[in-house]
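Data first, discussion second: the structure below is written as C-alpha cells.
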Amino acid sequence: MKSVSMKVMTGVLAVAMMMGMTTGVFASELTAGDIADAYDDDSGSIQSGYENYNVYEPTAGDPVSAGKASSVVVVDAAATTFKVTVPIALHVHQDTEGVKTYADAMSDAPENAAGTAKIINECSMGQVKITDVKVVAAEGYTISAWNDDYNNMKVNSKTFGFKINGVETQTNGTVVTSNAVTDTITTTVKNNEDGKTDLTRVYGDYNITPSGDSAFPVIAHASVLPIDYEAKLPAYSKAVTDTNVGAVVFTVDFN
C-alpha cells in the first residue's frame, strides 16, 4: 500500500486522503527541531528559493488525520530612509518703534506679526518626534527671561528672549528636554476636507490637524509641524543688520 505525504507550506496544512485506508483519529505535530531543519540543506527538507518546507510522511498503514505545524516568519528589511527638514533661519525684524515682524514660511505674506516656520517629515515611512529643543546664544550674547523688562534694558545689550510654539526659552537655553508626547500632528493639502476636525488649522498650503495640544507633537508621515516663534530685543542706538544672535537646535528621531 502506498504511503501518503502531507506538505506544510507557509502555515497552511494540506490534507491528503488515502484510498482504501481506515480513517483513524490522531494528531501529528512538527517539533521546533523540524522547523529549524527547514533551514538546513542537509536535513532532507525541501527548499525552493527563499521558501523552505518540512515534509510530514506518516508510516505506511497508519491511519491519517490532520496534523498541525508552525512556520517561522523571517523578515529582511533595510534601514528606512530618515529625512527631516528644519528651517535654516528664523528671521526677526524690529523697527524704530520696537515693533517686531517675522518671516512667515507658511503663508504668502513676506512678514507677519508672529513668525512661522515648519519642520517637515520627509522620511520614506514612519513618524518622527522632536526629543529636545534648545536655543544656543551666539558668542557674546546671552538669553534673557521672557518676562524681563526689555524696554528698560541697557541700550545695545547683547541679549534676547525667545519663545517657540508657546514655550518660553529658559536663560540656559532649554525649551524642551526628553519630550515624551504621544499625540500626533497630521497634514493634508489645503481644501482637502478629509480628516478635518475642529482642531484643524490652515497654514499656507496645509491643513494641520493635531490630536492634542502639545507644543511639539509627534509628526506623522509626510506631515508638517508649524514652528511659531517670537522674540524680545532691547533698544539699539544704531541699526543692526543680519546679525546672528543664536541658534535653535532641534533633536529629531523616529518615533
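Bear in mind that the values here come from a model prediction, so they are computed numbers and not experimental data.
- Within the 3.5 Å criterion, the main-chain N or O of A117 finds no donor-acceptor partner in the side chain of D228.
- A donor-acceptor pair shorter than 3.5 Å can be found between the side chains of N156 and S237.
- By the 4.5 Å heavy-atom criterion applied to side chains, K129 and P217 are not counted as neighbours.
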With side-chain hydrogen bond (donor to acceptor under 3.5 Å, both in side chains) as the test, would you mind laying out the steps for T209 and T186 before giving the verdict? CA-CA 5 Å; T209 305; T186 305; over 6 Å; no
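- Inter-residue side-chain proximity for D148 and W146 is flagged as unmet; no heavy-atom pair is nearer than 4.5 Å.
- Note that CG of D242 and NE2 of H91 are 7.5 Å apart. Values are rounded to the nearest 0.5 Å.
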Expected list for residues 80-90: side-chain donor-acceptor pairs under 3.5 angstrom, two or more places apart:
from: T85; atom 1: OG1; to: E122; atom 2: OE2; distance (Å): 2.3

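- Listed for the N179 side chain is no donor-acceptor partner under 3.5 Å among the backbone atoms of D132.
- Nearest heavy-atom pair across V224 and K118 is CG1-CB, 3.6 Å.
- Applying the ring pair (Phe, Tyr, Trp, His ring centres under 6.0 Å) rule to pairs touching residues 152-177 yields F162-Y229, sequence neighbours excluded.
- Remark: I164 CD1 to I227 CD1 distance equals 7.0 Å, nearest 0.5 Å.
- The two residues K232 and K100 come nearest to each other via the heavy atoms CA-CE, 3.8 Å.
- Put simply, the side chain of T142 does not reach to within 4.5 Å of the side chain of K158, judged on heavy atoms.
- Atom-to-atom distance recorded for Q94:CD and L233:CG is 4.5 Å, nearest 0.5 angstrom.
- Between Q127 and N121, the shortest heavy-atom contact is CA-ND2, 3.9 Å.
- In this structure, OG on S223 lies 7.0 Å from CD1 on I208, to the nearest 0.5 angstrom.
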Any chance you could lay out the side chain to side chain contact (heavy atoms under 4.5 Å, CB included) test for F250 and I119, step after step, and finish with the verdict? CA-CA 10 Å; F250 300 96; I119 295 178; 3.8 Å; yes
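- Judged purely by distance below 3.5 Å, without hydrogens or angles, the side chains of D253 and T131 never pair a donor atom with an acceptor atom.
- Looking at heavy atoms from C-beta onward, I185 lies in side-chain contact with P226 at the 4.5 angstrom threshold.
- Taking every heavy atom of both residues into account, P234 and K154 meet most closely at CB-O, 4.2 Å.
- In this structure, the side chains of V218 and D183 stay at 4.5 Å or more apart for every pair of heavy atoms.
- With hydrogens and angles ignored, the 3.5 Å screen pairs a side-chain donor or acceptor of H221 with a backbone N or O of C123.
- By the 4.5 Å heavy-atom criterion applied to side chains, Y102 and E230 are counted as neighbours.
- In this structure a side-chain-to-backbone donor-acceptor pair under 3.5 Å is missing from N255 to V128.
- No side-chain donor-acceptor contact under 3.5 Å links Y236 to the backbone of S157.
- Under the rule for a side-chain hydrogen bond (donor to acceptor under 3.5 Å, both in side chains), D76 has no partner lying at least two apart in sequence or in another chain.
- Considering only heavy atoms from C-beta on, L225 comes within 4.5 Å of F216 through its side chain.
- Distance OH/Y141 to CG/N244: 8.5 Å, rounded to 0.5 Å.
- Looking at V175 and T169, their side chains come closer than 4.5 Å, going by heavy atoms from C-beta outward.
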Side chain to side chain contact (heavy atoms under 4.5 Å, CB included) for I143 and V135? Distances and angles first, verdict last. CA-CA 8 Å; I143 301 169; V135 177; 3.8 Å; yes
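- Summarising the local packing, CG of D213 is surrounded by 12 or fewer heavy atoms from other residues, nucleotides or ligands at distances under 6.0 Å.
- Using a distance-only test at 3.5 Å, with no hydrogens or angles considered, no donor-acceptor pair links the side chain of T243 to the main chain of V240.
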Determine, stepwise, if the pair V248 / V133 fulfils side chain to side chain contact (heavy atoms under 4.5 Å, CB included). CA-CA 7 Å; V248 182; V133 181; 3.9 Å; yes
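- Residues I130 and F254 share a hydrophobic cluster, clusters being chains of Ile/Leu/Val/Met/Phe/Trp/Tyr side chains in contact below 4.5 Å.
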